[in-house]
Amino acid sequence: MHRRPRSRRSGTVAALSGLALVLLVASPLRAAPLETPKPPPGMSRPQEEASQPLVQVGLDAAGRPRFQGRLTLAAALDLGLRENLSIALGQLESRVAAAETAEAAGMGRPKLSLGAVGAGGTAPMVWSAPPGADPGFLTVLPPGAVGLNATLMVPVFTGGLLAARLQAAEYSQKAAVARAFLALRQAARAVRVAWHDLQHARALEDVASWEIRAHQELLRLARHQFDQGRVARVVLLRAQAEVAAAEGRRELAGGEVAVAEAELKSALGVSVQSDFEYESASPEPPPQATEEEDLRTALSDRPDLVAARYALEARDRRVAQAVAEFSPQIYAMAMAERMQMGAFQGGPLDGGYQVGLGIAWPLFDGGERAARLERAQAQKEIGELELERLELEVTAQVVAARARAQAAWQAMELAEAEVVAASEGLRIARLRHQAGRSIQLEILDAVAAERRARSTLAEATALAGRARAELLYVTGRF
C-alpha cells in the first residue's frame, strides 16, 4: 500500500503554531540555545572536507522519509521535531480539544431548525421533529396535510451553565496545547539522549580500532624479536591473542553502533534506511544558572506543570457547571408554521407564528445533580493534590539533574586527564622497551591502561551529554 509523502515542513509549521498558542495562553516557555558541541581530546574522528548536505531521498516501504547526508546534533533536533510521531499525535489532540471548545461555544448561540411533515390518515396526530434537529418542534397535523415549521431558540438565562461549560472547554484546550508542547520537549530530550548514546557507541568502536593498531604493532615487534631468538614463543602467542581479542571487541562495538543508530533514527521519526554521516561531538557544559533560577524556570515553564494547572482550572469550571444545574433555565423561542390542508387535493394554505419564553426549573431529580456536583468537587481536589505532587517531583528532579550534570561534567574532565596520563605512560613504556629496560608485558599493561582510560572517557562523555539533556528537560528549557 502506497502512502502519500508528508510535507517536510508541515510538522514544523504545526509545531510552531502550537508553540505560538502556548506562548499566548500559558506562562512563558523559554528556549535554551542549541548545543554546538566540540570533540573531546583524543576521541574525535577525522571528517571529510566535502560532506553531503542533509537531503530527503524518498520514502521507505513503511512510508517514512529517508534522508542522507551530514547529521549534526542541531540538524538532528530540527529533523526530530519535524518528523517525530509523538509530536504529530500531540498536535492532533490539540485539534480535538479545539473542536470541543467550538462545540461548547455553539451551545450558547441561537439555534434555528427547519422541518417539514406530510402524512395521510383518518385523524389528526401530533408529530415531532425527526432526530438530529435542534431545536426540535411539535405540530398537530390533520389528515392529508403538509406542514413546514421553522423554530428558533436563544438562551436567555442558564445560571452560568453554558458559560462554565465553555470556560472548562477552553482550559482543557489550553492544557492540550501544553501537552503538545510537552511532546516537543520529550522528543528533543529523546533525540539528545539517542545522539549521545550513538556517540558513545562510536567512541567505543574507535577505542577498539586504536587498540587493534596498538596490539598489531606489538605483534610486529614480537614477531621480529622471536625471529631473532630474543623472546620465547609464548610472547608471540600472547601478542596474537591480544590482537584477536581486540578485533572481537571491535566487532561487538560495531554491533552496538548499529543498534544505537537504529534507536536514533527511531527517535528522529525517519526511516531506519536513512544514510547519515555523523559529526563527533561532546556536550556543552551544564547551563550556568543557580539552583534558585533553575527551580523558578522549571516551576513556571515546564509544559506538564502548565498543563496540570490548566486542567485544574477546567475542573474548577466543571464544579461551577454542576452548581449551575440547580438554577432555572430560561430560553426565548420563536416558531413559524405554514400548513396546507388537503395538500394532495390542492387544499387551502394556513399558517402563523408565535414567540415566547420557556422556563424549566428541576426541583427533584433523585439526587443526580447533587451526585454530579460531589463528583466534580472531588475531581477538583484530586487535581489540586496531583498538581502539588507534580510540583514536588519537579523540584526534586531539578536538584537531582543539577547534581548529575555537574558530576558528569567533572567526571569527563577527569577522564580526559586520565587519557593524557595513560597515553604518556604508554609512550614511556615503549621507550623503556626500546632501550631494553623492560619486557613486553609492561607495554601490554600500558596499552590496557590507555584502553580503559579511553573507554572511561567515552562513557563519561556520553553520561555528560545525557545528563545535560535531562537537565534541560527538567528545568523546562529547550
- Query: Minimum heavy-atom separation for G383 to L312, with atom names?
  - Reply: C-CD1, 3.8 Å

- The salt bridge (Lys or Arg N to Asp or Glu O under 4.0 Å) partners of R466 (sequence neighbours excluded) come to D197, E459

- Note on the structure: Smallest heavy-atom separation, L264 atom then W195 atom, equals CD1-N, 3.8 Å

- Message: For residues 96-107, which residue pairs pass the side-chain hydrogen bond (donor to acceptor under 3.5 Å, both in side chains) check, not counting sequence neighbours?
- Response: T101-Q173

- Task: Please say whether the positively charged group of R302, taken as NZ for Lys or CZ for Arg, lies over the ring of Y473, i.e. under 6.0 angstrom from the six-membered ring centre and within 45 degrees of the axis.
- Result: yes

- Message: Given 3.5 Å as the limit, does a donor-acceptor pair link the side chain of R185 with the main chain of G476, or not?
- Response: yes

- What is the minimum heavy-atom distance between S327 and F157, and which atoms define it? CB-CE2, 4.5 Å

Show which side-chain atoms of residues 375-382 pair as donor or acceptor with protein atoms under 3.5 Å away, not counting sequence neighbours.
residue : atom : partner : partner atom : Å
K380    : NZ   : D316    : OD1          : 2.7

- Task: Identify the heavy atoms of L54 and A75 that sit nearest to each other, and give their distance.
- Result: CD2-CB, 4.3 Å

- Item | CZ/R66: more than 12 non-hydrogen atoms of other groups inside 6.0 Å | yes

- Task: Decide side chain to side chain contact (heavy atoms under 4.5 Å, CB included) for H200 and T461; before the verdict, give the C-alpha distance in whole Å, the side-chain angles of both, and the deciding distance to 0.1 Å.
- Result: CA-CA 7 Å; H200 180 211; T461 302; over 6 Å; no

- Taking atom CD of E388 as the centre, does the number of heavy atoms from other residues, nucleotides or ligands within less than 6.0 Å exceed 12? no

- Side-chain donor or acceptor of R468 paired with backbone N/O of A405 under 3.5 Å: no

